[in-house]
Amino acid sequence: MLDINLIREKPEWVKEQIAKLNDTAPIDEIIAADNRRREILGEVEELRRQRNESSKQIGYWMGSLKKMEADLKRAEAGQDVEKAEHLRTQLNSLQFNADEAKEETRKIGERIGELDEELRQVEAALYEKMLWVPNIPHESVPVGPDDSHNIAYPPLGAPEPQFDFTPKPHWDLGPDLDIIDFERGVKLSGSRFYLLKGWGARLQRALIQFFLNYHANKHGYTEIYPPFMVRSAMFEGAAQLPKFADNIYRDAEEDYMWLGTAEIALTNIHRDEILEEADLPKKYVAYTPCFRREKMSAGRDVRGIKRGHQFDKVEMYRFTTPETSYQALEEMLQDAKDICEALGLRYRVIEMVTGDLGFAASKKYDLEAWAAGCGEWLEISSISNTEAFQARRANIKYRPEDGGRTRYVHTLNGSGLALPRVMIAVIENNQQADGSIVVPEALRPYLGVDVIR
RNA sequence: GGAGGGAUGGCCGAGUGGACGAAGGCGACAGUCUUGAAAACUGUAGUGGGCUUUGGCUCACCGAGGGUUCGAAUCCCUCUCCCUCCGCCA
């Protein structure tokens with residue numbers, strides 16, 4: 001979510017920024033709703049102030065009345081006719097004042113009720129609109145209309161694998177080695193599902209283990225095991241809802257939704273908290289399966305295991321101060337590159353232009369790995385700085401060390417790395433003429449074999 | 001799944017309709033004392049919104065949302081979460 005103050009103060013600038021994303025947002029409607037909201041707020045608060053004031057007065061009178069009633073009872077019991085008469089007169093007049101004030105205050109209350117109702121509606125409408133406004137790109141992001149304009153940096157890591165035979169794509173290699181079973185996956189769950197079997201399943205498990213250990217041991221991340229289903233509010237906090245509702249699997253009875261990425265759980269770890277600046281940055285890493293409907297990409301990438309409804313991913317996540325978030329973004333990019341290097345992948349960095357930033361990111365890099373069998377660059381990581389976009393939705397703040405006002409943290413997320421695709425690259429790039437696969441050095445301690453055959 | 005008990009400030013905990021943004025304690029911070037520290041004493045402190053001549057003024061917030069009332073931490077309803085016992089279970 002954007003800062004409403006920013007929209008209020010620089011509406012035209014905000015519109016320009018959003019136009020760069022190839023997106024639109026009802027900024028004028030938002031400003032109108034915001035104005036109306038503040039108008040009502042001013043009115044209703046003044047009325048509340050009046051009500052508080054007269055309630056206090058009434059309270060004071062009610063106290064006096066109680067005392068006078070007691071006095072009257074005593075006077076009557078003591079046969080003090082004159083005093084009783086005097087008290088009765090006073091009592092009646094005070095009672096009259098109190099009743100009158102009550103009636104007047106009740107009317108104020110009615111008006112407050114009406115205004116409150118309108119305020120509720122205006123605020124709900126404003127909030128709903130705000131939820132659909134995308135994040136604003138960082139000034140360093142190149143302006144471009146779509147992904148064809150993204151900047152692809154020269155390949156890094158291992159040289160392009162060379163073969164003296166025609167390398168097979170994983171959808172042939174897998175079944176030949178009996179490590180991927182497409183038919184039975186489909187039997188269980190339908191299209192876009194598969195089975196990993198034997199060394200295939202073990203290879204994926206080794207990769208997960210390797211990634212987690214690497215980030216925890218060498219990069220200083222704290223490992224998290226989160227719930228794989230979370231409440232819908234967490235999806236809203238991570239900016240997945242309302243916009244991406246089509247992509248989410250959910251429970252039919254309860255308010256549970258299956259993670260599309262660990263980012264959703266990790267973002268909300270510190271939801272509604274105020275962190276201490278001294279505790280920042282917080283760095284988390286988590287392995288989770290990810291579940292996606294893929295409605296939007298129906299018909300795309302149907303071959304092989306590149307895009308399924310379920311996949312595994314190790315995700316890095318950071319909470320930082322605003323001053324350090326862009327440095328943190330570069331560090332996370334390096335963290336992901338380190339893994340690519342350690343695995344001997346041929347990979348490249350893609351810097352996204354404004355038109356391909358997506359909804360939540362202010363700046364984003366992708367990492368792509370070369371897969372020699374299918375002859376494709378596969379996206380194996382996406383690393384974003386969302387600045388305060390998620391923090392505002394999930395209400396995550398920190399208290400600056402100098403004791404100033406609380407501020408929103410910046411949050412960053414990045415795959416480190418995404419699984420079936422890294423496995424595709426490993427399998428296809430390391431295949432030999434006989435169909436066997438050489439296990440990368442780094443994974444051998446986890447698998448206990450040098451070659452999968 | 002059944003029965004019962006809870007949710008109050010950083011923490012503990014009082015508060016059953018009116019002077020309560022909330023006693024008291026602990027912790028935190030600042031000051032006094034001290035060579036320094038501790039102890040003691042004194043003082044300061046929540047979050048968010050609106051307005052503002054930037055001095056302030058004001059509203060809301062006691063798990064969440066409704067309701068009753070002139071007035072709600074306090075009474076009523078719904079929901080969420082936690083705890084205890086029973087049942088079931090990896």
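We name chains A, B, ... by the order of the sequence lines, and we start the count at 1 in each one.
- Residue contacts for A/L41: at a heavy-atom cut-off of 4.0 Å it reaches the sugar-phosphate backbone alone, with no base atom in range.
- Comparing the C1' positions of B/rG46 and B/rC41 gives a spacing of 26 Å, expressed to the nearest Å.
- Rounded to a whole angstrom, the distance from the C1' atom of B/rG50 to that of B/rG66 is 24 Å.
- Judged by a 6.0 Å distance limit and a 45° cone about the ring axis, A/K282 is not positioned over the six-membered ring of A/F319.
- Between atom CD of residue A/Q17 and atom CD of residue A/E139 there is a gap of 9.5 Å, rounded to the nearest 0.5 Å.
- The gap from the P atom of B/rA37 to that of B/rA73 amounts to 44 Å, rounded to the nearest Å.
- For the contact set between residues 390-400 of chain A and RNA chain B, defined by any heavy atom under 4.0 Å, the members are A/K397, A/R399.
- For the segment residues 42-54 of chain A, residues with any heavy atom less than 4.0 angstrom from an atom of RNA chain B are, sorted by number, A/E45, A/R48, A/R49, A/R51, A/N52.
- At least one side-chain heavy atom of A/D312 sits less than 4.5 Å from a side-chain heavy atom of A/I208.
- Classification of the A/Y221-A/H219 ring pair by plane angle, with boundaries at 30° and 60°, yields perpendicular.
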As a quick check of understanding, evaluate salt bridge (Lys or Arg N to Asp or Glu O under 4.0 Å) for A/R38 and A/E43, giving each step before the final call.
CA-CA 9 Å; A/R38 287 184 297 157; A/E43 209 175 324; over 6 Å; no
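- Rounded to the nearest 0.5 angstrom, A/N385 CG and A/T320 OG1 are separated by 6.5 Å.
- Only the C1' atoms considered, B/rC20 is 36 Å distant from B/rA3, to the nearest whole Å.
- In this structure, A/F211 and A/L343 have side chains that are in contact, with non-hydrogen atoms separated by less than 4.5 Å.
- Taking atom P on both nucleotides, B/rG49 is separated from B/rA30 by 28 Å, rounded to a whole Å.
- Near RNA chain B, defined here as any heavy-atom distance below 4.0 Å, the residues from residues 99-112 of chain A are A/K102, A/T105, A/R106, listed numerically.
- What you find for A/V133 and A/I18 is that their closest heavy atoms are CG1-CD1, 3.8 Å.
- To the nearest 0.5 Å, atoms CG (A/L345) and CZ (A/R421) are separated by 14.0 Å.
- Here the separation of B/rU8 from B/rA64, taken at their P atoms, is 10 Å to the nearest Å.
- Atom-to-atom distance recorded for A/L378:CG and A/I424:CD1 is 5.5 Å, nearest 0.5 angstrom.
- Contact between the side-chain N/O atoms of A/R120 and the OP1/OP2 oxygens of B/rG65 is not found at any separation under 4.0 Å.
- For the pair A/R292 and A/D246, the salt-bridge criterion is not met [side-chain N within less than 4.0 Å of a carboxylate O].
- More than 12 heavy atoms of other residues, nucleotides or ligands lie within 6.0 Å of CZ in A/R106, so this atom counts as buried by the packing criterion.
- With ring centers used as reference points, A/Y287 lies 6.0 Å or more from A/Y225.
- On the P atoms, B/rC70 is 28 Å away from B/rG15, given to the nearest whole Å.
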Could you encode protein contacts along nucleotides 52-57 of chain B as a string, one character per nucleotide from 5' to 3', using B for base contact, S for sugar-phosphate-only contact and - for no contact, with a heavy-atom cut-off of under 4.0 Å?
------
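- Taking the C1' atoms as reference points, B/rU42 lies 42 Å from B/rC83, given to the whole Å.
- Where pairing requires Watson-Crick or G-U contacts shorter than 3.5 Å, the helical stems of RNA chain B with at least three consecutive pairs are B:1-7 with B:80-86, B:10-12 with B:24-26, B:28-32 with B:40-44, B:46-51 with B:56-61, B:63-67 with B:75-79.
- Phosphate contact (OP1/OP2 of B/rU47, side-chain N/O of A/T406, threshold under 4.0 Å): absent.
- When distances run from any side-chain atom of A/R37 to the nucleotides B/rC70, B/rG50, B/rG48, the shortest one goes to B/rG50.
- The distance from atom OH of A/Y194 to atom CD of A/E183, rounded to the nearest 0.5 Å, is 15.0 Å.
- The minimum heavy-atom distance between A/L212 and A/A286, with the atom names listed, is CD2-C, 4.2 Å.
- Distance CD (A/Q57) to P (B/rA19): 14 Å, rounded to an integer number of Å.
- With its glycosidic angle more than 90° from 0, B/rG66 adopts the anti conformation.
- Side-chain atoms of A/K363 and A/S140, non-hydrogen and from C-beta on, do get closer than 4.5 Å to each other.
- Among A/W258, A/F193, A/F228, the single residue meeting the ring pair (Phe, Tyr, Trp, His ring centres under 6.0 Å) criterion with A/F291 is A/W258.
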Output a table of nitrogen or oxygen pairs between the protein and nucleotides 78-82 of chain B separated by less than 3.5 Å.
none

